[in-house]
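For reference, positions follow the sequence shown, starting with 1. Each ligand, and each atom within it, is numbered from 1 in the order the structure gives.
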Amino acid sequence: MDLQLSGRTVLVTGASSGVGLATTEFLLAEGAQVIAGARDLRRLTAAVEALPGAERALPLSCDVTARDQVETTVQRGIQHFGALDGLVCNAGRSLMSTLTDASDDDIREEFELKIFGAWNVIRAARPQLAASDVGAVVNVNAILARQPETRLAVTSAARAGLLNLTRSMAAELAADGIRVNSVCLGLIDTGQWRRRFEEYAGAGGELDYQQWSADLATDRGITLGRLGTAAEVAYPIVTLLSPLASYITGTSIDVGGGVTRQP
Ligand code: NDP
């Protein structure tokens with residue numbers, strides 16, 4: 001199916017790895033142009049340049065928590081491609097911590113990353129998205145937003161805030177013709193989980209990655225019995241960006257292999 005994104009321009013944050021890189025790859029395969037952001041420009045450029053269609057990608061160094069950097073990135077991207085039709089607010093990480101263990105700075109940083117990491121980008125891009133006839137935003141979030149976990153207490157709360165704000169963004173930006181939706185992820189096999197496995201292995205853990213991630217899937221009650229792949233997340237993201245999803249806004253799609261246990 002033609003997702004009607006050929007020739008359109010999309011900004012993807014956190015594009016050097018995992019979900020952001022897979023989304024960039026999918027968009028390039030659809031014929032879109034991609035403004036690709038992440039903090040480490042060398043890693044970002046190497047990752048993006050290896051993708052088919054890389055000549056339609058512009059890698060730019062950008063910390064999404066720094067409003068001035070975000071504004072510069074959006075302006076440079078628009079100057080380069082002449083338009084901006086979509087955003088994927090994906091940059092981020094999870095803070096493994098209980099509320100008791102987290103410092104005040106940890107808590108502030110987590111809310112800064114989850115809330116401003118999306119809002120800085122949306123605010124900077126809003127005029128250009130409004131000028132597009134197909135303006136759309138996808139916020140990459142987590143099922144934790146509705147289903148907190150003790151080990152991820154602070155990040156769960158910050159994600160709940162972003163999920164709630166996504167509905168408000170959809171309501172406020174509808175007047176500009178901009179759709180705003182979320183994808184809420186379960187456990188996706190990316191750099192985040194590889195780093196946690198390395199910590200486990202470094203602490204003397206004896207399982208290999210396949211066994212460790214299979215046990216994780218069982219422990220978390222994932223219906224499909226495995227972690228998801230970044231490509232399996234990229235598909236719903238790009239589908240929500242597509243003009244074919246023109247009547248979908250203010251909603252979220254769970255991509256968790258059935259991990260959702262809430263009523
Ligand atoms: P990865 O660790 O593979 O990639 C994270 C990306 O975000 C990298 O490109 C990283 O590059 C970038 N990034 C991190 N912090 C910032 C920042 N402040 N400004 C700009 N870029 C930043 O993560 P995933 O692909 O797994 O995660 C993608 C999103 O999905 C994240 O928001 C994550 O929280 C969320 N998620 C992931 C889950 C999973 O199981 N994988 C589960 C639930 C949610 P650099 O460090 O160079 O900036």
Side-chain angles (χ1 to χ4, degrees), residues 11-26 34-48 51 57 59-70 72-74 87-96 108-121 124 138-149 151-152 154-163 166 182-199 213 216-217 220 222 226-234 236-237 252-257 259-260:
L11 168 58
V12 180
T13 68
S16 61
S17 164
V19 171
L21 183 61
T23 302
T24 299
E25 182 174 13
F26 198 146
V34 180
I35 306 162
R39 292 168 302 178
D40 181 339
L41 185 60
R42 203 162 57 91
R43 185 168 78 125
L44 173 68
T45 303
V48 168
L51 299 176
L60 294 174
S61 172
C62 177
D63 182 337
V64 291
T65 63
R67 189 172 171 184
D68 56 340
Q69 287 187 33
V70 171
T72 303
T73 298
V74 168
L87 296 182
V88 181
C89 299
N90 163 76
R93 49 138 207 188
S94 288
L95 174 67
M96 289 285 280
R108 283 194 197 92
E109 277 172 26
E110 196 59 12
F111 276 80
E112 182 90 10
L113 179 59
K114 296 296 177 309
I115 305 296
F116 286 102
W119 182 234
N120 281 342
V121 185
V138 178
N139 290 329
V140 178
N141 205 329
I143 290 172
L144 293 171
R146 290 190 302 273
Q147 186 174 292
E149 286 186 22
R151 290 166 286 190
L152 293 158
V154 177
T155 204
S156 297
R159 291 173 191 283
L162 178 60
L163 187 64
T166 300
S182 306
V183 290
C184 287
L185 312 189
L187 276 66
I188 308 302
D189 185 0
T190 64
Q192 295 205 19
W193 289 106
R194 298 275 168 175
R195 286 192 293 276
R196 282 183 204 164
F197 171 70
E198 280 157 22
E199 284 168 21
S213 62
L216 186 63
R220 300 296 173 88
I222 299 176
R226 63 174 175 85
L227 272 58
T229 66
E232 288 173 309
V233 181
I237 291 174
S252 70
I253 297 179
D254 283 359
V255 189
V259 76
T260 309

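At the shortest separation from atom 30 (O) of ligand 1 among protein heavy atoms lies Val140 CG1, 3.4 Å. Gly92 O, 3.6 Å is the protein heavy atom nearest to atom 5 (C) of ligand 1. The closest protein non-hydrogen atom to atom 36 (N) of ligand 1 is Leu185 CD1, 3.8 Å. Regarding atom 21 (N) of ligand 1, its nearest protein heavy-atom neighbour is Ala91 CB, 3.4 Å. Protein heavy atom closest to atom 47 (O) of ligand 1, with residue, atom name and distance, is Asp40 N, 3.0 Å. When only non-hydrogen protein atoms are considered, atom 2 (O) of ligand 1 lies nearest to Arg195 NH2, 3.0 Å. Considering only non-hydrogen protein atoms, atom 26 (O) of ligand 1 sits nearest to Thr190 OG1, 2.4 Å. The protein atom (non-hydrogen) at minimum distance from atom 28 (C) of ligand 1 is Asn90 OD1, 3.0 Å.
Under 4.0 angstrom from ligand 1, the non-hydrogen atoms of Leu187 all belong to its backbone. By the criterion of a heavy-atom distance under 4.0 Å, neither the backbone nor the side chain of Ala230 is placed next to ligand 1. Of the heavy atoms in Arg159, only side-chain atoms (C-beta onward) come closer than 4.0 Å to ligand 1.
Near Cys62, the atoms of ligand 1 lying under 4.0 angstrom from a non-hydrogen atom of the residue are 19 (N), 20 (C). Listed by atom number, the atoms of ligand 1 under 4.0 Å from Gly191 heavy atoms are 3 (O). In the vicinity of Arg43, heavy-atom distances shorter than 4.0 Å reach the ligand 1 atoms 8 (C), 10 (C), 11 (O), 45 (P), 46 (O), 47 (O). Taking a cut-off of under 4.0 Å to the non-hydrogen atoms of Trp193, the atoms of ligand 1 that pass are 39 (C), 40 (O), 41 (N). Close contacts between ligand 1 and Leu113 involve ligand atoms 18 (N) [criterion: under 4.0 Å to a heavy atom]. The distance from ligand 1 to the heavy atoms of Asn141 drops below 4.0 Å at these ligand atoms: 44 (C). Close approach to Gly18 involves these atoms of ligand 1, each under 4.0 Å from a residue heavy atom: 3 (O), 25 (O). Residue Arg93 has at least one heavy-atom neighbour below 4.0 Å for each of these atoms of ligand 1: 34 (O).
Rounding to the nearest 0.5 angstrom, the gap separating the CG atom in Leu144 from the CG atom in Leu163 is 11.5 Å. Interatomic distance, Glu149 CD to Ile143 CD1, rounded to the nearest 0.5 Å: 10.0 Å.
In this structure, the side chain of Ser61 engages the main chain of Arg39 through a donor-acceptor pair within 3.5 Å. The backbone N or O of Gly14 lies less than 3.5 Å from a partner atom in the side chain of Asn90, making a donor-acceptor pair. No donor-acceptor pair closer than 3.5 Å links the side chain of Lys114 to the backbone N or O of Glu109.
The heavy atom nearest to atom 4 (O) of ligand 1, out of those in Ala38, Gly117, Ser17, is found in Ser17. Evaluated by nearest non-hydrogen atom to atom 33 (C) of ligand 1, the leading choice among Lys114, Gln192, Arg39 is Gln192. The residue among Ala142, Ala22, Gly186 with a heavy atom at the shortest distance from atom 42 (C) of ligand 1 is Gly186.
Val12 has its side chain out of reach of Ile237: every pair of non-hydrogen atoms, C-beta onward, lies at least 4.5 Å apart. For the pair Asp40 and Leu44, the minimum side-chain heavy-atom distance is 4.5 Å or more. Proximity of Ser94 to Leu152: side-chain heavy atoms (C-beta onward) are separated by under 4.5 Å at one or more points. Between Thr229 and Asp189, the closest side-chain pair of non-hydrogen atoms is not below 4.5 Å. Looking at Val48 and Ser16, their side chains never come closer than 4.5 Å, going by heavy atoms from C-beta outward. Counting heavy atoms from C-beta on, the side chains of Thr73 and Val121 never come closer than 4.5 Å.
Counting heavy atoms of neighbouring residues, nucleotides and ligands inside a 6.0 Å radius, atom CZ of Phe116 does not exceed 12 of them.
Residue contact check for ligand 1: Asp63 places a non-hydrogen atom closer than 4.0 Å to it.
For ligand 1, the polar-atom distance check against Val64 finds a nitrogen or oxygen pair separated by under 3.5 Å.
With 3.5 Å as the limit, one finds no donor-acceptor pair spanning the side chains of Asn141 and Ser182.
In terms of heavy-atom proximity, Cys89 sits nearest to Asn139 at CB-OD1, 3.3 Å.
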